[in-house]
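It should be emphasised that the depicted structure is a prediction, and the values quoted were computed from it without experimental measurement. First listed ligand is number 1; within each ligand, the first listed atom is number 1.
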Amino acid sequence: MSANGKWEAVIGLEVHCQVRTATKMFCGCDNHYGDSPNTHVCPVCLGLPGSLPVPNEEAIRKTILTGFMLGCRIAPVARFDRKNYFYPDMPKNYQISQYDDPLCAGGAVGLDLFQFPKELQETEEAQARRKIRLVRIHLEEDVAKSFHFEERSGIDFNRAGTPLMEIVTEADLRTPGEAFAFLGSLRQILWAGGVSDADMEKGQLRCDVNVSVRPAGESKFGTKVELKNLNSISGVRRALVHEIARQIAVVEKGGSLVQETRRWDDDAGATFTMRTKEQAHDYRYFPDPDLLPIRTDRGLQEAAKKSVPELPSEMQERLMRDFGVTAYQASVLTADRVLGGYYEKAAAATKHKAAVANWILNDFLSTQPDPATTPVKPEYFAELADLVTTGKINSAQGKKVFAELMTHPISPHEIVKKLGLEQISDTGALAAMCDEAIAANPRSVEDYKAGKMNAINALKGFVMKKSQGKANPGQIDEILKQKLGG
Ligand code: ADP
Ligand code: ZN
Ligand code: MG
């Protein structure tokens, strides 16, 4: 619901996602956008007359896999269509896409409450794990990329013909925070399946945002505006906040909205009219006569099903159930696949799996490490957790070992030796120190015997000091209680 409660936003996303494959969608060129321009091209992806497309099985399989991960219905027979338009980024004047028979239909993405921006997690809009339904997922070829210089423009055809998945949501999203959470969850699922790196900043995930407003309580949708040029997940959120406020201002002044496409300018923090919206029939879609229908029910679906991975939501449940981490910790650990992998390696090396999660999430993360390149091996956190949990060192000493570990990454066992931190667990030595404590603190002893149980803390403190922090607190407690005739 909007800030003033009178208006509600309705949002639907069209997400374009580059599929990670060895070669392009309809030719054998490397799928390597980003290399020096026009180095991965051939007659097919340049759109030269007389060339013929051959579909890429890996791209089709990965799209079907995405469909399985998102609970879609997979079309037994899918078709490719031509979407006709004129633009320099597509010299054959049509893009091969899918219209009537996309590979996947239906399905949904579950929102992870903890993926909401922190300031929104507590609010009513962050209702637990809402399901955002999908309309469809289809596969198409990407177009070339234009670059505009001062007096010239250039086109890089390395991107032309690379496989692109379009994921279209129902208009189920209601707030910028939900759109943000949706993209975060979707990206994690795409990572898990190895379908795409889905990095918005690198253009691997591009998102058109459709948004309208309506009076709260109204069931009909309002006039929608499509926003383009969104380059980051947080940019999507900013653009939506701005555009929703703009639309509300227009209707509150008694004006009416026009269906149009607007361009988000991230620097200006505003949207500008690009064009009024074209209709689907403008594209004159028709089945591509060069491509046969794709039968997915003859092995392709089976192959895709075999590669369905553990999904982020399943991994969260497993970490909570088997490793004893909290829901929030599970969410953080699955939000970043490198961090998640780092934690899994550490956890595999210890019984104390929840303790190791605390070290990694509270201590390690606050040093802003890069888990991909840090010289601190995950196994070191397993050792550290073991040392503290089994009482070989106390938690204050654990912090010292941690600090040393971050500057001189050697095994915590070595650090304990190097810093001389091993706890004194020799009962004889501890008993002698306890005797000293009792002799030196008659007042506390009297108080304790009179029933002030807290008075024992002064004695414990004495022993800790005496042992330079190396005494085992549990053992001191036991010995003192015994001596004081508990
Ligand atoms: P178009 O034909 O203009 O592309 P679609 O019906 O294909 O429109 O919808 C495109 C996207 O816009 C979908 O994600 C859909 O959920 C969303 N959408 C449709 N109508 C509205 C609306 N009134 N407000 C917000 N989003 C909408
Ligand atoms: Zn090619
Ligand atoms: Mg559409």
Side-chain angles (χ1 to χ4, degrees), residues 7-16 21-33 35 38-48 51-56 59 83 85 90-92 96-100 102 105-109 132-138 141-144 156-163 166-176 178-179 182-183 186 207-215 218-228 230 236 239-240 243-244 247-248 251 256-262 274-283 285:
W7 300 94
E8 178 181 62
V10 171
I11 302 161
L13 303 180
E14 294 165 286
V15 181
H16 285 97
T21 54
T23 56
K24 291 188 181 181
M25 188 60 227
F26 295 110
C27 63
C29 294
D30 282 351
N31 178 7
H32 253 281
Y33 177 59
D35 288 354
N38 299 312
T39 48
H40 304 300
V41 293
C42 74
V44 174
C45 54
L46 287 172
L48 301 187
S51 60
L52 284 172
V54 178
N56 180 333
K83 178 181 181 179
Y85 69 95
M90 182 45 84
K92 65 183 189 287
I96 305 176
S97 181
Q98 297 193 276
Y99 190 59
D100 286 326
V109 172
I132 304 304
R133 293 168 302 152
L134 302 179
V135 178
R136 59 189 270 152
I137 305 177
H138 69 248
E141 56 178 341
D142 206 346
V143 298
D156 180 5
F157 281 89
N158 285 352
R159 198 177 74 180
T162 57
E166 180 170 340
I167 302 172
V168 183
T169 76
E170 295 283 0
D172 278 354
L173 297 153
R174 293 290 172 268
T175 64
E178 283 179 6
F182 172 88
L183 290 170
L186 176 64
C207 177
D208 297 340
V209 172
N210 300 272
V211 54
S212 58
V213 296
R214 63 184 175 187
E218 168 67 61
S219 59
K220 271 205 336 254
F221 288 166
T223 303
K224 81 170 178 187
V225 164
E226 183 170 351
L227 301 181
K228 290 201 181 274
L230 298 151
V236 168
L240 273 168
E243 176 62 16
I244 291 167
Q247 291 187 13
I248 291 174
V251 287
S256 59
L257 292 155
V258 273
Q259 184 168 333
E260 60 177 349
T261 302
R262 298 178 70 89
M274 271 171 81
R275 57 171 185 257
T276 51
K277 180 74 183 161
E278 65 287 317
Q279 304 282 308
H281 63 246
D282 295 337
Y283 291 121
Y285 281 96

* Which angle, to 10 degrees, forms at the Zn ion (ligand 2) with SG of C42 on one side and SG of C27 on the other? -> 110°
* Structure fact -> Near V10 (heavy-atom distance under 4.0 Å), the atoms of ligand 1 are 24 (N), 25 (C)
* Structure fact -> Quick note on ligand 1: atoms under 4.0 Å from a heavy atom of G222 include exactly 23 (N)
* Asked: Which is closest to atom 15 (C) of ligand 1 by heavy-atom distance: L13, N210, D208, T169?
  -> T169
* Structure fact -> One finds that the ligand 1 atoms under 4.0 Å from a non-hydrogen atom of A171 are 16 (O), 26 (N), 27 (C)
* Under the 6.0 Å and 45° cation-pi test, does K83 pair with Y285? -> no
* **Closest non-hydrogen atom pair between I96 and E141, with its separation** => N-OE2, 2.7 Å
* Option of least heavy-atom distance to atom 6 (O) of ligand 1 (set: E14, E226, K224) -> K224
* **Nearest non-hydrogen partners of K24 and H40, listed with the distance** => NZ-O, 2.7 Å
* Contacting atoms of ligand 1, where contact means under 4.0 angstrom from a heavy atom of V168 -> 13 (C), 14 (O)
* Structure fact -> ligand 1 to E170, heavy atom cutoff 4.0 Å, flagged ligand atoms 16 (O)
* Structure fact -> Only one of N158, T21, T23, T162 passes side-chain hydrogen bond (donor to acceptor under 3.5 Å, both in side chains) with N31, and that residue is T21
* **Min N/O separation S212 to ligand 1 under 3.5 Å** => yes
* **Straight-line distance of S212 OG to E243 CD, nearest 0.5 Å** => 10.0 Å
* Structure fact -> In terms of heavy-atom contacts, V41 and C29 come closest through C-SG, 3.5 Å
* Inter-residue atom distance I167.CD1 - H138.NE2, 0.5 Å rounding -> 10.0 Å
